Undergrad: 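Take this structure, written in structure tokens, and hold onto it; I'll ask about it next.
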2 protein chains.
Amino acid sequence: MKIAIDAMGGDHAPRAQTQAVLQAAAEWPDTQFILVGRTDAIQPHLQGNLPSNVTIEEAPEVIEADDEPVRAVRRKTSSSMVTAGRMVKEGTADAMISAGNTGALMATGLLVVGRLPGIERPGLAPMLPTIDNAGVLALDLGANMDAKPEHLLQYALMGSLYRQKTHGIEKPRVGLLNVGTEAAKGNELTKQTFELLENAPIHFVGNVESRDVLDGVCDVLVCDGFSGNVMLKAIEGAAGVLFKVLKQELTADWKSKLAAAMLKPSFRRVKQKLDYNEYNGAPLLGLNGLVVKGHGSSDVKAMVTAIRQTRTSLSGGLIEAIKGEFSGK
Amino acid sequence: MKIAIDAMGGDHAPRAQTQAVLQAAAEWPDTQFILVGRTDAIQPHLQGNLPSNVTIEEAPEVIEADDEPVRAVRRKTSSSMVTAGRMVKEGTADAMISAGNTGALMATGLLVVGRLPGIERPGLAPMLPTIDNAGVLALDLGANMDAKPEHLLQYALMGSLYRQKTHGIEKPRVGLLNVGTEAAKGNELTKQTFELLENAPIHFVGNVESRDVLDGVCDVLVCDGFSGNVMLKAIEGAAGVLFKVLKQELTADWKSKLAAAMLKPSFRRVKQKLDYNEYNGAPLLGLNGLVVKGHGSSDVKAMVTAIRQTRTSLSGGLIEAIKGEFSGK
């Protein structure tokens with residue numbers, strides 16, 4: 001099993017990426033890791049240590065966070081991200097992971113790795129934390145802004161397979177993001193999608209409102225990229241504001257400060273429970289190979305998590321299963 | 001000024017509605033209040049007290065929370081909601097407020113009160129709390145599921161007028177809900193709407209991500225009913241889960257319990273800060289009269305808030321201003 005890691009993408013690259021690979025290489029000696037990026041930038045973080053299952057693939061260019069995605073992928077053909085994509089395409093790597101520019105990674109997926117036959121629009125599928133700690137795979141959260149019912153059906157099928165192959169859930173519950181739970185609710189897109197999902201070979205549990213998603217009412221949440229992204233950022237924003245207001249209140253006077261100090265471990269656990277990094281590594285499903293997006297702010301631990309998920313998807317035979325599902329359709 | 005209150009709509013009807021009208025009647029003696037509903041159900045909550053500026057309009061039928069909206073409005077023509085709508089239509093009331101079935105109230109607005117000439121789709125426009133306490137008017141949050149760019153332009157114009165006339169903001173900042181702040185971001189709807197808003201006679205501040213909405217980056221947030229509703233419920237859900245997890249943690253052991261008890265007033269203030277009821281009363285903008293939706297769970301205080309907002313909108317000349325904006329267009 002060979003995993004290419006874009007060493008240059010992310011807020012803490014290449015340090016976090018390199019150190020994560022060193023950890024992963026020790027934990028999984030059966031796996032080959034390829035650090036893709038500028039050798040001179042990676043080298044210092046290896047501290048003279050290059051395990052036998054780690055190699056460096058020199059890639060002199062870097063796609064920056066504010067680069068225009070499609071143009072960057074077309075022009076920076078020797079960037080770490082595009083090089084890693086090419087390795088997946090050519091089979092010299094089984095999967096790639098990048099914490100870099102999300103748009104550019106989606107463009108790399110489409111233009112370099114390529115779509116699976118039968119898939120119209122790949123979808124970005126991160127795990128969101130739920131109160132029962134089981135998490136929910138939500139897709140698409142930003143790759144496909146103008147989705148059609150057929151795209152959402154494909155997301156439902158691919159998301160189901162992902163939860164089966166990566167997390168061992170036998171019959172993943174698939175929900176459709178909507179503004180009400182009744183079948184007739186929603187816009188034209190969700191009404192038409194509802195019908196398709198009812199007749200699909202999945203365990204469809206119906207419409208799910210965004211307020212219930214974190215309660216863990218489904219294992220796969222299907223949505224169009226626009227409203228999915230709005231939901232994700234609304235959750236992040238609400239949590240952020242709540243912590244901000246709490247902080248203001250809890251530092252208002254000495255009594256609050258004292259009590260807050262006593263509760264520090266509790267607050268840390270609450271934050272951890274809702275920490276997206278716990279589930280780092282969102283697959284871009286529908287590509288002819290496994291491409292995984294790490295959170296831009298990924299630290300070493302988060303990158304190791306992304307590597308762990310990627311390994312599990314690969315050994316579960318995820319891409320082959322999706323290929324099988326869509327071949328001849 | 002005459003305000004009709006649907007006495008039978010809402011979780012605490014008719015008690016909360018009746019008691020709120022008694023309070024409002026004492027606070028604003030210049031305003032006439034009409035309690036619309038079943039006299040025998042309202043009477044007990046008056047406790048023999050019928051101020052000179054309160055009358056009861058008998059309406060024997062009630063639209064229930066689970067009634068199918070359009071059918072209920074068509075069939076239950078002597079329900080409290082439809083009767084109140086008819087009073088606005090006929091001019092025997094200047095405004096109506098209901099905390100009942102949202103869909104039915106929208107149907108009452110469309111079928112009984114009627115649209116303003118020039119307005120294609122009325123929008124539901126609640127205020128959301130922001131961290132700076134100023135609040136943001138978001139529309140549409142659920143009336144119009146398949147919005148077109150022209151609808152969103154009309155929401156921007158009406159929302160601006162609402163913030164001017166009801167809240168005295170001279171140049172309300174109008175933002176467009178989107179998945180990124182750059183002009184080219186989003187789906188077809190937001191891309192086309194962006195162009196319209198740039199050329200509209202409003203103070204357009206560009207795209208706004210859902211994660212920044214609660215930070216108070218705009219006074220009016222324009223969105224389609226579907227993604228707006230997804231955003232609203234995602235915020236509610238995230239806040240709910242966070243409080244739930246906090247509660248679990250803070251009752252885990254005696255030390256946490258003690259500290260949490262010390263912080264009770266702080267937690268109460270945090271909840272209050274994010275309390276939607278503080279802004280109760282969402283206008284349905286674009287109708288030929290003022291129709292205001294109260295939260296289904298409205299208590300007495302929340303209903304008084306809705307009445308206060310409605311009074312301010314009326315005395316600010318909101319409906320006339322919107323009529324003026326759209327006449328001859």
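Chain letters run A, B, ... following the sequence lines, proteins first and then strands; every chain starts at 1. Bear in mind that the values here come from a model prediction, so they are computed numbers and not experimental data.
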Undergrad: Could you check which of A252(A), G225(A), G186(A), A184(A) has the highest count of heavy-atom pairs closer than 4.5 Å to chain B?
TA: G186(A)
Undergrad: Show your working on side-chain contact (heavy atoms from CB on, under 4.5 Å) between H167(B) and D219(B) and close with a plain yes or no.
TA: CA-CA 10 Å; H167(B) 299 136; D219(B) 303 304; over 6 Å; no
Undergrad: Chain A heavy atoms under 4.5 Å from Q248(B): which part of the residue, side chain, backbone, both or neither?
TA: side chain
Undergrad: Please classify the contact between E188(B) and chain A as side chain, backbone, both or neither, with a heavy-atom cut-off of under 4.5 Å.
TA: both
Undergrad: Please classify the contact of L177(B) with chain A as side chain, backbone, both or neither, using a heavy-atom distance under 4.5 Å.
TA: both
Undergrad: If you count heavy-atom pairs under 4.5 Å between each of M145(A), K255(A), E249(A), K233(A) and chain B, which one has the most?
TA: K233(A)
Undergrad: Is V213(B) close to chain A through its backbone or its side chain, or both, or neither, when contacts mean heavy atoms under 4.5 Å?
TA: neither
Undergrad: Side chain, backbone, both or neither: which part of N144(B) has a non-hydrogen atom closer than 4.5 Å to chain A?
TA: neither
Undergrad: Please flag which part of T130(B) lies under 4.5 Å from any non-hydrogen atom of chain A: side chain, backbone, both or neither.
TA: neither
Undergrad: Chain A: which of C223(B), G237(B), A234(B) shares the most heavy-atom pairs with it under 4.5 Å?
TA: A234(B)
Undergrad: Hey, are the side chains of T108(A) and V291(A) touching, using non-hydrogen atoms and a 4.5 Å cut-off?
TA: no
Undergrad: Does any part of the side chain of L197(A), heavy atoms only, come nearer than 4.5 Å to the side chain of L153(A), both counted from C-beta?
TA: yes
Undergrad: Which pair of heavy atoms, one from V220(B) and one from P172(B), lies closest together, and at what distance?
TA: CG2-CB, 4.3 Å
Undergrad: Before giving the answer on salt bridge (charged side-chain N to carboxylate O under 4.0 Å, His left out), spell out for R211(A) and E209(A) the whole-Å C-alpha distance, their side-chain angles and the decisive distance to 0.1 Å.
TA: CA-CA 5 Å; R211(A) 93 172 105 222; E209(A) 289 189 278; 3.8 Å; yes
Undergrad: Less than 4.5 Å to any heavy atom of chain A: does that hold for the side chain of N229(B), its backbone, both, or neither?
TA: both
Undergrad: Take L250(B) and F267(B), measure what side-chain contact (heavy atoms from CB on, under 4.5 Å) needs, and give me the verdict at the end.
TA: CA-CA 12 Å; L250(B) 300 190; F267(B) 287 128; 3.4 Å; yes
Undergrad: Quick check on the interface: out of D253(B), L258(B), L246(B), who has the most heavy-atom pairs with chain A under 4.5 Å?
TA: L246(B)
Undergrad: Between D67(B) and K76(B), is there a salt bridge with N-O shorter than 4.0 Å?
TA: yes
Undergrad: Using a strict 4.0 Å threshold on nitrogen-to-oxygen distance, state whether D215(A) and K244(B) make a salt bridge.
TA: yes
